[in-house]
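A quick write-up on the structure given underneath.
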Amino acid sequence: MCGIVGYIGKKTAQDVLLTSLKRLEYRGYDSAGIATLDDDNQPQLARAVGKISELEQVVQQAPHAGHLGIGHTRWATHGGVTTVNAHPHHVGDIWLVHNGIIENYKDLKAELSDVDFASDTDTEVLAALINREYTAGVKLQDALAKALKRVRGTYGVAVFSPREPEHIVVARLGSPLVIGVGQGETIIASDASALLGYTREAIYLNDGELAVCSRDNVDVFNLNLQHLNAHAETIQGDLAQIQKGGYDHFLLKEIMEQANTLQNTLSGRIDPQAGTMRLGGTNLSPQELKTLRHIVIVGCGTAYYAGLLASYYMEQLIPDITVEVVIASEYRYRSFHLPAHSVALIVSQSGETADTLACLREIKKRGTKTLGIVNVVGSTIAREVDGGTYVHAGPEISVASTKAFTAQVVAMLMFAGMVAESHGGNKALISELTQELAMLPAEIDNTLKTHQQTIEQLAKKYAKFDDALYLGRDTAYPVALEGALKLKEVSYLHAEGYASGELKHGPIALVDETFFEVFDILDNWLFEKSIGGLHEVRARGGKTIVFTNATDKDIEADDIVRLNTPIKHLAPLLLNNLQQLFAYYVAVQRGNDVDQPRNLAKSVTVE
Ligand code: F6R
């Protein structure tokens with residue numbers, strides 16, 4: 001979603017701002033802009049609809065010379081995708097970029113009836129509000145704090161004024177802001193990856209905090225302007241991780257590197273010889289683990305599907321526990337009750353998803369322990385949960401989530417294995433799953449490399465269709481849901497996932513020669529039932545693709561991709577890898593912007 005950057009230091013601000021904005025491109029945006037202050041304290045503005053490359057062209061025509069500036073990638077919420085609505089906005093001496101939503105902007109706008117607003121945005125209203133407070137003699141941080149106290153909603157903001165060229169003032173509530181502390185320079189961003197290459201030391205601002213950032217100093221305050229102690233932390237990761245590494249797209253890179261990233265997820269957490277798994281960081285006492293009776297898994301989109309798949313394993317592993325998996329945007333508004341001895345797993349790649357974060361807060365209010373299953377280190381969810389783990393999948397730059405799904409499922413599985421052990425769960429199954437986890441990275445690598453070309457050919461064949469159904473049973477059901485989501489996100493094909501058993505209850509009406517159906521079929525006790533659904537579709541003229549781990553069973557379909565792997569329980573993850581490749585190649589065939597699909601944002605920080 002929207003991205004913020006800011007710079008004050010010795011370098012030419014426009015260069016740092018544009019480079020940093022490019023690092024945030026993956027978050028999804030539809031317009032971008034920068035505003036700088038030159039050495040004579042003259043502000044200069046450049047904005048453009050479309051990619052950062054469009055903004056670069058605008059900047060090339062009128063280069064910015066200053067050493068202080070702010071920049072933004074906008075994902076439209078209030079007001080259409082136009083240059084005038086793009087950030088930065090300015091009113092009087094206030095120059096502002098903003099992430100989030102000012103919910104009471106209409107009321108505030110009514111109060112500011114003397115202002116001639118140029119845009120339709122809530123952000124310009126905020127700029128006007130700050131400007132109204134910014135009267136002679138008042139400092140920028142005072143004006144900002146005062147204005148923010150009037151605001152209902154969420155914000156990450158960076159503000160400068162030509163009257164105070166020695167600093168940029170930033171603040172956050174519900175929208176991330178990180179301040180990179182360099183040598184004689186300070187870099188601001190909504191995502192630590194934008195700081196890589198400039199500095200590794202960063203202060204993560206907390207909700208309700210404001211910071212005054214100059215070249216050599218960062219002072220953090222609360223909104224009452226009481227000084228707070230802030231500590232710089234070391235940013236994890238490096239530049240290589242956020243580059244394409246020879247692949248055409250980040251999406252392909254992230255699919256293909258899953259064997260490596262999964263090694264990081266597993267590292268130090270499984271003991272194949274002992275047949276045990278252990279997930280550190282959960283902050284649950286042995287007694288709490290033993291008495292645990294209820295697990296609720298919360299997520300959105302792919303993270304929700306990861307939770308759904310993990311829940312099947314949890315139920316198999318832990319005999320005396322109830323597992324429910326919920327969609328964060330629904331759960332946050334439900335009158336839910338969690339019984340004693342519950343724990344909530346909060347699943348999020350970005351750690352910033354607004355609905356998931358809101359659920360976390362609702363669950364905490366009810367006194368239930370929350371554990372994060374999070375990828376981005378230092379993210380808001382990771383900071384607010386009572387315990388939990390990082391899945392260590394590394395930066396996911398492509399908007400569609402792939403390697404994070406695999407890592408999330410595996411992290412939750414290891415959590416389940418640990419709980420199962422303390423509940424006297426099925427030791428043989430825990431051990432089998434541990435052995436499979438140990439083999440999984442190599443099997444993922446093998447699966448992807450063996451089938452890459454076949455899947456590319458399949459994609460060529462099916463890219464001309466407009467509709468698809470994905471069907472699966474048991475652990476292949478969440479995989480079918482995820483497969484359909486991935487295809488629709490990147491290829492823009494209409495795709496729906498269903499439990500195979502639901503086929504006859506409605507979706508079969510859709511089957512004709514214009515649809516194709518993907519069947520995820522596992523070689524298990526439900527094999528015959530899954531094949532039944534396949535026959536029903538074929539009898540009605542449906543075009544069928546089967547992804548399966550059944551190597552020696554007769555299957556009739558238009559196309560079959562058979563995994564050859566000793567992995568059984570975790571085969572759904574391998575089927576999902578095939579689907580990820582399929583979605584990728586269909587999107588390439590259709591000439592789509594694979595890494596930044598239309599209308600989508602990587603980190604959904606608004607409701
Ligand atoms: C799918 C996708 C989204 C995210 C969802 C949750 O490819 O990327 O469905 O999974 O927005 O995001 P996180 O995991 O960051 O909370």
Side-chain angles (χ1 to χ4, degrees), residues 253-280 302-303 305-314 316-317 347 349 373 375 389-394 396 401-418 420-421 426 428-452 455 472 474-476 478-479 482-483 486 520-524 547-551 561-581:
K253 173 185 175 240
E254 287 160 14
I255 294 169
M256 297 306 285
E257 75 187 4
Q258 285 181 89
N260 291 337
T261 56
L262 188 61
Q263 286 289 13
N264 296 334
T265 311
L266 291 169
S267 176
R269 292 166 168 175
I270 54 168
D271 183 343
Q273 255 149 26
T276 55
M277 10 181 162
R278 187 148 302 280
L279 202 62
T302 289
Y305 295 146
L308 203 55
L309 178 51
S311 73
Y312 282 76
Y313 295 120
M314 285 180 185
Q316 289 167 17
L317 278 165
V347 191
Q349 187 287 128
I373 306 290
N375 191 32
T389 197
Y390 287 118
V391 301
H392 295 309
E396 226 185 29
S401 190
T402 51
K403 59 179 179 168
F405 175 87
T406 308
Q408 286 160 348
V409 174
V410 165
M412 283 184 269
L413 175 56
M414 291 189 291
F415 174 72
M418 188 170 82
E421 235 178 88
N426 182 337
L429 181 59
I430 302 172
S431 175
E432 271 174 48
L433 280 162
T434 309
Q435 314 301 332
E436 289 205 358
L437 283 176
M439 289 189 283
L440 191 59
E443 290 305 309
I444 288 179
D445 202 42
N446 187 29
T447 300
L448 289 167
K449 287 185 177 146
T450 307
H451 298 289
Q452 188 174 7
I455 301 278
D474 192 62
T475 46
V479 168
E482 170 61 8
K486 212 74 341 166
D520 291 305
I521 298 185
L522 290 167
D523 188 7
N524 62 14
F547 293 130
T548 183
N549 64 335
T551 45
V561 184
R562 292 184 194 260
L563 296 176
N564 193 353
T565 172
I567 297 263
K568 287 199 176 354
H569 303 288
L570 302 181
L573 287 170
L574 300 175
L575 296 183
N576 189 52
N577 292 153
L578 298 176
Q579 295 183 155
Q580 292 171 338
L581 273 181

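Keep in mind that what you see is a predicted model, and the values were worked out from it rather than measured.
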State whether the side chain of [X] and the backbone N or O of [Y] hold a donor-acceptor pair below 3.5 Å, judged by distance alone.
| X | Y | result |
| --- | --- | --- |
| Arg269 | Met277 | no |
| Asn375 | Ala393 | yes |
| Thr551 | Asn564 | no |
| Thr434 | Ile430 | yes |
| Glu396 | Lys403 | yes |
| Ser267 | Asn264 | no |
| Asp474 | Ala476 | no |
| Asn549 | Asp523 | yes |

From CA spacing to verdict: side-chain contact (heavy atoms from CB on, under 4.5 Å), Ile255, Leu448: CA-CA 8 Å; Ile255 294 169; Leu448 289 167; 3.6 Å; yes
[atom1]-[atom2] distance between [X] and [Y], expressed to the nearest 0.5 angstrom:
| X | Y | atom1 | atom2 | value |
| --- | --- | --- | --- | --- |
| Leu574 | Thr565 | CG | OG1 | 5.5 Å |
| Leu522 | Lys568 | CG | NZ | 11.0 Å |
| Thr276 | Met418 | OG1 | CE | 11.5 Å |

Residue pair Thr406 / Gln258, side-chain donor-acceptor N/O under 3.5 Å: yes
Where do [X] and [Y] come nearest, in terms of heavy atoms and distance?
| X | Y | answer |
| --- | --- | --- |
| Phe405 | Tyr305 | CE1-C, 3.8 Å |
| Ala411 | Ile373 | CB-CG2, 4.1 Å |
| Leu317 | Gly417 | CD1-N, 4.0 Å |
| Ala438 | Pro272 | CB-CG, 3.7 Å |

Candidate list Val347, Thr265, Leu309, test side-chain contact (heavy atoms from CB on, under 4.5 Å), partner Gln408, passing option: Val347
Leu563: which of Leu575, Thr450, Asn577, Thr548 passes side-chain contact (heavy atoms from CB on, under 4.5 Å): Leu575
With a 4.5 Å cut-off on side-chain heavy atoms, are [Y] and [X] touching?
| X | Y | value |
| --- | --- | --- |
| Leu279 | Met412 | no |
| Pro572 | Asp520 | no |
| Ile567 | Leu440 | yes |
| Gln580 | Glu254 | no |
| Glu482 | Val479 | no |
| Tyr313 | Thr475 | yes |

Test applied, side chain to side chain donor-acceptor pair (under 3.5 Å); reference residue, His569; option that passes from Gln316, Glu432, Gln435, Glu436: Glu432
Passing option when Lys486 is tested against Thr302, Asn576, Thr402 for side chain to side chain donor-acceptor pair (under 3.5 Å): Thr302
